[in-house]
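We number each residue from 1, following the sequence as shown. Worth knowing before you read on, the calculation uses all heavy atoms, side chains too, and leaves out hydrogens, waters and symmetry mates.
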Amino acid sequence: MAEESVQLPRSHDFAHAHPSTSSTSSDPSHPDFDKPHQALHRTPTIEDVVNLPTRTLSNDANLDEYTQETISGQMVREVRSNAGKIERYELVTFTIDDPENPKNWSKAYKWWCTMCVAVTCFVVAFNSAVITADLEGVSEEFGVSGEVALLTITLFVVGFGVGPMAFAPLSEICGRRPIYGVTLAVAVIFTIPGAVAKNIGTLLVTRFIAGVAFSAPMSLVGGTLVDLWRNEERGVPMAAFSAAPFIGPGVGPLVGGYLSEAGGWRWLYWIQLILGAIAWILITFTVPETYAPQLLANRAKKMRKETGDEKYVTEQDLDMRPFSQRLSLFLVRPFQLLFGELIVFLISVYMSVLYGLLYMFFVAYPIVYQKGKGWSAGSTGLMFIPLIVGVLLSAACAPIVNKHYLKLSAKHNGHPPAEARLIPMMLSCWFIPIGVFIFAWTSYRDVHWAGPAFGGGAVGFGFIFLYNSANNYLVDSYQHQAASALAAKTFLRSFWGAAAVLFTNQMYDRLGDQWASSLLAFIGLACCAIPFVFYRYGARIRAHSHFAYHEDEENTQEKQGA
């Protein structure tokens with residue numbers, strides 16, 4: 001799943017959290033200020049800056065270059081060398097209404113790019129779940145247990161947790177487009193051996209590699225939408241994107257059920273290949289680079305070549321962190337936050353429970369409908385439709401949540417507390433246990449089929465609210481460390497989701513269908529306390545945190561670490 005985006009805008013001038021020791025010509029008080037360099041100031045949101053290379057650049061880097069437009073396309077940047085000499089550079093920026101700035105592209109083209117990345121997100125989620133429709137076929141053909149067959153899901157989901165650790169740093173260095181193109185190509189190529197596998201080992205290894213490769217586009221999609229859409233335009237595109245990774249797992253068993261009945265389990269891999277290839281073609285050949293730092297780096301390189309003047313640079317040429325710091329931020333910091341920050345840990349645990357529940361449903365539905373009621377795999381897949389409808393309904397409610405948050409923001413003069421993000425979570429968290437309890441106690445063999453199905457609908461309705469609220473809360477609480485906090489959540493969530501699939505069958509065998517599902521509902525009910533606890537005590541917890549964002553960091557910069 002892709003939850004590394006934040007859906008709701010926040011009117012906080014995050015650029016102040018990255019003060020620069022240098023001066024730019026967009027500052028009227030600067031003696032070198034001149035009209036041709038004057039900047040059109042747009043207050044960047046947290047979302048804008050989280051998706052910029054804050055972990056690659058130093059704490060003193062000035063992000064105005066990436067978030068502002070100037071008349072001339074340059075900003076003066078003064079740097080004091082080790083010898084004490086002042087050197088002047090021209091930071092390359094977008095010009096006002098620059099056609100190369102993705103935010104200035106036509107709405108039609110931005111929507112095309114948005115739908116391309118959303119389709120890619122859907123395809124990846126679909127591919128993770130479609131094979132659940134005929135795991136028995138894998139077991140029978142290769143003579144392995146059901147648990148070994150389930151590893152085809154587990155290893156794919158483990159890849160979701162491992163991949164972003166490598167691909168996020170690479171995207172900050174070379175942009176989004178090469179990562180999309182290369183990783184999707186690798187994923188498509190390694191789907192082929194699964195379709196023609198002669199042994200279970202081939203299937204498992206290639207499934208893991210495909211999961212790692214598919215994790216890259218999933219982790220970049222949210223950033224791409226931030227690249228494309230201005231803050232005031234972002235609500236509907238983000239809602240469309242948010243629904244895609246949750247609809248995919250619902251459609252997967254539905255399509256897979258009928259496809260496996262008609263053509264066998266190998267066709268579940270051929271359909272992945274077909275859809276993955278379509279996504280790769282759309283991304284590679286119709287969606288250009290959207291990452292502002294990469295676009296400006298390319299422009300600066302071109303200007304240096306055309307003019308022979310080395311003064312044209314970007315902030316990445318001047319203020320890169322040492323390699324050891326970058327390595328620490330990308331590989332160590334997520335785990336420091338996960339195990340050292342109560343907010344990150346408990347929010348990650350909550351999201352892991354939800355993610356595990358989603359993948360456990362892929363095992364639980366066949367238990368209830370195929371094993372319990374004697375249904376076919378195709379008919380069982382139809383029972384995921386209410387879950388899909390629940391997801392769509394919650395996505396449709398996103399503008400209401402957005403409007404409410406903007407009212408809260410206005411009451412706090414544009415600086416609402418991070419805990420304001422928890423309100424949708426506090427309201428929607430109850431849908432998860434309620435839905436699972438309905439699923440549990442209507443899953444008797446002689447009870448109507450609609451009970452468990454509509455229980456799943458309530459769960460689907462709660463998913464998007466909870467995931468978006470959780471992401472927004474982490475980002476607002478750990479502004480400087482937001483990318484690492486989200487990486488920590490993704491890592492734990494993926495590994496728990498992968499593990500949960502393996503013990504679902506045994507849990508239902510030992511506890512029975514009703515009490516096994518009820519156990520999941522009770523866990524979800526216990527997790528409902530998390531947003532309420534943080535709503536009341538979150539500010540105090542953050543006040544004692546070394547990594548959480550504090551208002552006075554704009555001047556001290558001491559809490560950022562690294």
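A distance of 10.5 Å separates CE of Met360 from CG of Leu502, quoted to the nearest 0.5 Å. Taking CZ from Phe547 and OH from Tyr478, the interatomic distance works out to 9.5 Å, rounded to the nearest 0.5 Å. Between the CD1 atom in Ile523 and the SG atom in Cys528 there is a gap of 12.5 Å [rounded to 0.5 Å]. In this structure, the separation between CG on Leu422 and CG on Asp476 is 9.5 Å, given to the nearest 0.5 Å. Summarising the geometry, atom OG1 belonging to Thr490 is positioned 8.0 Å from atom CE belonging to Met165; distances are rounded to the nearest 0.5 Å. For the atom pair CD1 (Ile434) and SG (Cys429), the distance works out to 9.0 Å, reported to the nearest 0.5 Å.
Of all heavy-atom pairs between Lys103 and Lys110, the closest is O-NZ, 3.1 Å. Closest approach of Ala488 to Leu338, counting heavy atoms only: CB-CB, 3.9 Å. The two atoms that bring Ala213 and Val186 nearest to each other are CB-CG1, 4.0 Å, heavy atoms only. Ala485 and Leu337 get closest at one heavy-atom pair: N-CD1, 3.5 Å. The heavy-atom pair separating Tyr359 from Ser128 by the smallest distance is OH-OG, 2.9 Å. Smallest separation of non-hydrogen atoms from Val501 and Thr154: CB-OG1, 4.2 Å.
You'll find the side chain of Gln74 stays beyond 4.5 Å of the side chain of Val313, heavy atoms only. Taking 4.5 Å as the limit, some side-chain heavy atom of Tyr66 sits within range of a side-chain heavy atom of Gln316. Side-chain contact between Glu172 and Tyr291: present, with at least one pair of heavy atoms (C-beta onward) separated by less than 4.5 Å. Contact of the Val124 side chain with the Pro245 side chain is not registered, since no non-hydrogen atoms from C-beta on lie closer than 4.5 Å. You'll find the side chain of Trp496 stays beyond 4.5 Å of the side chain of Val349, heavy atoms only. The side-chain heavy atoms of Met320 and Thr56, taken from C-beta on, include a pair separated by under 4.5 Å. A heavy-atom distance below 4.5 Å is found between the side chains of Trp229 and Thr114. Taking 4.5 Å as the limit, some side-chain heavy atom of Phe495 sits within range of a side-chain heavy atom of Val162.
The backbone N or O of Leu57 lies less than 3.5 Å from a partner atom in the side chain of Arg321, making a donor-acceptor pair. Looking at Glu65, its side chain does come within 3.5 Å of a backbone N or O of Glu315 through a donor-acceptor pair. For Ser219 (side chain) and Ala216 (main-chain N/O), a donor-acceptor pair under 3.5 Å exists by modelled atom type. Looking at Gln325, its side chain never comes within 3.5 Å of a backbone N or O of Ser58 through a donor-acceptor pair. In terms of modelled atom types and a separation under 3.5 Å, the side chain of Ser215 and the main chain of Phe160 share no donor-acceptor contact. Under the 3.5 Å distance criterion, the side-chain polar atoms of Tyr467 are matched with a main-chain donor or acceptor of Met351. A donor-acceptor pair under 3.5 Å is formed between the side chain of Glu289 and the backbone N or O of Arg176. Between the Asn472 side chain and the Asn468 main chain, a donor and an acceptor come within less than 3.5 Å of each other. Not one N or O on the side chain of Asn298 forms a donor-acceptor pair closer than 3.5 Å with the backbone of Leu295. When atom types are taken as modelled, the side chain of Ser328 and the backbone of Ser324 share no donor-acceptor pair closer than 3.5 angstrom.
For Tyr535 and Phe532, the ring centers sit 6.0 Å or farther from each other.
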Checklist entry - Can you list the steps and then say if Leu466 with Phe431 is a side-chain contact (heavy atoms from CB on, under 4.5 Å)? => result CA-CA 10 Å; Leu466 291 171; Phe431 285 96; over 6 Å; no
Next on the checklist: Quick one, Phe534 with Ile347, criterion side-chain contact (heavy atoms from CB on, under 4.5 Å). Give me CA distance, side-chain angles, the key distance, then yes/no.
Outcome noted: CA-CA 10 Å; Phe534 287 145; Ile347 292 293; 4.1 Å; yes
Next on the checklist: Between Phe461 and Trp430, does the ring-ring contact (aromatic ring centres under 6.0 Å, His included) criterion hold? Intermediate values first, please.
Outcome noted: CA-CA 10 Å; Phe461 185 78; Trp430 308 105; over 10 Å; no
Checklist entry - Taking it one step at a time, do Trp111 and Trp105 satisfy ring-ring contact (aromatic ring centres under 6.0 Å, His included)? => result CA-CA 10 Å; Trp111 267 111; Trp105 294 348; over 10 Å; no
Item to check | Evaluation steps, side-chain contact (heavy atoms from CB on, under 4.5 Å), between Leu228 and Val117 | outcome: CA-CA 11 Å; Leu228 290 168; Val117 295; 5.8 Å; no
Next on the checklist: Applying side-chain contact (heavy atoms from CB on, under 4.5 Å) to Phe491 and Ser348, what does each step give before you reach the verdict?
Outcome noted: CA-CA 9 Å; Phe491 182 86; Ser348 298; over 6 Å; no
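Just one of Arg333, Gln336, His546 meets the side chain to side chain donor-acceptor pair (under 3.5 Å) condition when paired with Gln481; it is Arg333.
With 3.5 Å as the limit, one finds no donor-acceptor pair spanning the side chains of Tyr180 and Thr120. Side-chain contact of Glu341 with Ser545: a donor-acceptor pair under 3.5 Å is present, judged by distance alone.
Under a cutoff of 6.0 Å and an axis angle of 45°, Arg421 and Tyr405 form a cation-pi pair.
The existence of a salt bridge linking Arg299 and Asp98 is confirmed by a sub-4.0 Å separation between a basic side-chain nitrogen and an acidic carboxylate oxygen.
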